[in-house]
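Along the sequence shown, residues are numbered consecutively beginning with 1.
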Amino acid sequence: MSVETRSVLTAVLAALVAVAGFVDVLPLAAFGVVLVLALAAGWPVLAGLAFPPGSSAVVALGGLGAVAAVTFTPLQPYLQHMPVVFAGAVVLAFVNELLRRDGRIRLVESVSGTVAGTVLAVCVTGWVATARLEGGDALVVSGAVALALGSAVVALHGRRWLVYLLTVAVATGGGTLVGWLLPTVELTTGAVLGLGVGVLVAALHALFDRLRALERRLPSVAVAVLPVTVTGVLVYVAGRVLAG
């Protein structure tokens, strides 16, 4: 999958997050489930883990459990049960290694890679938790718009440093514009959120773009999904710290 295709896919996914978040929490949570499953399917191959089926199962179970916990926690803080869910996923990562019958080669790498993938999957709950905050739907839209614009720009051809600067600038502009248009999102909050999203998009592109695993479909989908899941954390932090 080419970088242009991955960038367009990320932008489309971000747009769908914006729509789902504006509609209601449950559609956003359902879309979060889809993102978790897509990431879980491709992450073990992308990271070169030794036992992909088991690692995929752990990442999926950790991410799905986190989405369910955040969606159905009745009172704030909505992430209060996340440590329990993540701890259970870490235990499952070790159980996954115990089930291996290949001599458990690259054991440490396999455990750490599985846990890292679970962390990335769990990050998607930031979107859901933000949408449940008062005025959080506007924050979701702001972060998603910044992500969509930044993802579209990062695929441009040219000097890498210039493309990355343009990515950050466009994402910051998108977040600022939404902050200006929507009264529940302050201008400063939108700008800071857009800046963070732009840096994230550029950093992930620089990190993964040259991996040979991206010649295969599932790892490419995982890389396209990754900025969407991780941005959830940035949006939640902006909602709690900047917007109160």
Problem - side chain to side chain contact (heavy atoms under 4.5 Å, CB included) between Phe31 and Val19, intermediate numbers included - result: CA-CA 10 Å; Phe31 191 62; Val19 173; over 6 Å; no
Exercise for the section: Determine whether more than 12 heavy atoms belonging to other residues, nucleotides or ligands lie under 6.0 Å from atom CZ of Arg160. Expected result: yes
Once rounded to the nearest 0.5 Å, what's the spacing between atom [atom1] of [X] and atom [atom2] of [Y]?
X: Leu156; Y: Glu4; atom1: CG; atom2: CD; answer: 9.0 Å
X: Leu35; Y: Leu226; atom1: CG; atom2: CG; answer: 11.0 Å
X: Leu46; Y: Leu214; atom1: CG; atom2: CG; answer: 6.0 Å
X: Phe86; Y: Leu92; atom1: CZ; atom2: CG; answer: 11.5 Å
X: Leu26; Y: Phe72; atom1: CG; atom2: CZ; answer: 6.5 Å
X: Thr167; Y: Leu200; atom1: OG1; atom2: CG; answer: 11.5 Å

Please check if [X] and [Y] belong to a single hydrophobic cluster, counting links between Ile, Leu, Val, Met, Phe, Trp and Tyr side chain heavy atoms closer than 4.5 Å.
X: Leu234; Y: Leu177; result: no
X: Leu218; Y: Val223; result: no
X: Leu49; Y: Leu211; result: yes
X: Val119; Y: Val70; result: no
X: Val67; Y: Leu16; result: yes

Please name the pair of heavy atoms, one in [X] and one in [Y], separated by the smallest distance, quoted to 0.1 Å.
X: Ala66; Y: Val122; answer: CB-CG2, 3.9 Å
X: Gly63; Y: Ala121; answer: CA-CB, 4.1 Å
X: Thr118; Y: Ala89; answer: CG2-CB, 3.6 Å
X: Gly175; Y: Ser142; answer: O-OG, 3.5 Å
X: Ala224; Y: Arg6; answer: CB-O, 3.8 Å
X: Trp43; Y: Gly113; answer: NE1-O, 2.9 Å

Practice task
Could you tell me which residues satisfy side-chain contact (heavy atoms from CB on, under 4.5 Å) with Val91, sequence neighbours excluded, listed by chain and number?
Solution key: Val95
Are side-chain heavy atoms of [X] and [Y] found at a separation under 4.5 Å?
X: Tyr78; Y: Leu133; answer: yes
X: Leu79; Y: Thr73; answer: no
X: Ile105; Y: Arg100; answer: yes
X: Leu39; Y: Leu120; answer: yes

Problem - side chain to side chain contact (heavy atoms under 4.5 Å, CB included) between Val140 and Phe22, intermediate numbers included - result: CA-CA 8 Å; Val140 170; Phe22 191 76; over 6 Å; no
Fill in the blank from the handout: Exactly one of Leu9, Leu13, Thr10 clears side-chain contact (heavy atoms from CB on, under 4.5 Å) with Val225, and that residue is Leu13
Problem - With Val197, the side-chain contact (heavy atoms from CB on, under 4.5 Å) member among Val168, Val230, Leu149, Leu147 - result: Leu147
Exercise for the section: Answer yes or no: is there a donor N or O on one side and an acceptor on the other, between the side chain of Glu109 and the main chain of Ala50, under 3.5 Å? Expected result: no
Problem - Donor-acceptor contact present, side-chain Arg132 to main-chain Thr71, <3.5 Å - result: yes
Identify each donor-acceptor pair in which a side-chain atom of residues 55-62 lies under 3.5 Å from a protein atom, sequence neighbours left out, and give them as a table.
from: Ser55; atom 1: OG; to: Phe51; atom 2: O; distance (Å): 3.3
from: Ser55; atom 1: OG; to: Thr114; atom 2: OG1; distance (Å): 2.9
from: Ser56; atom 1: OG; to: Ala40; atom 2: O; distance (Å): 2.8
from: Ser56; atom 1: OG; to: Pro52; atom 2: O; distance (Å): 3.1

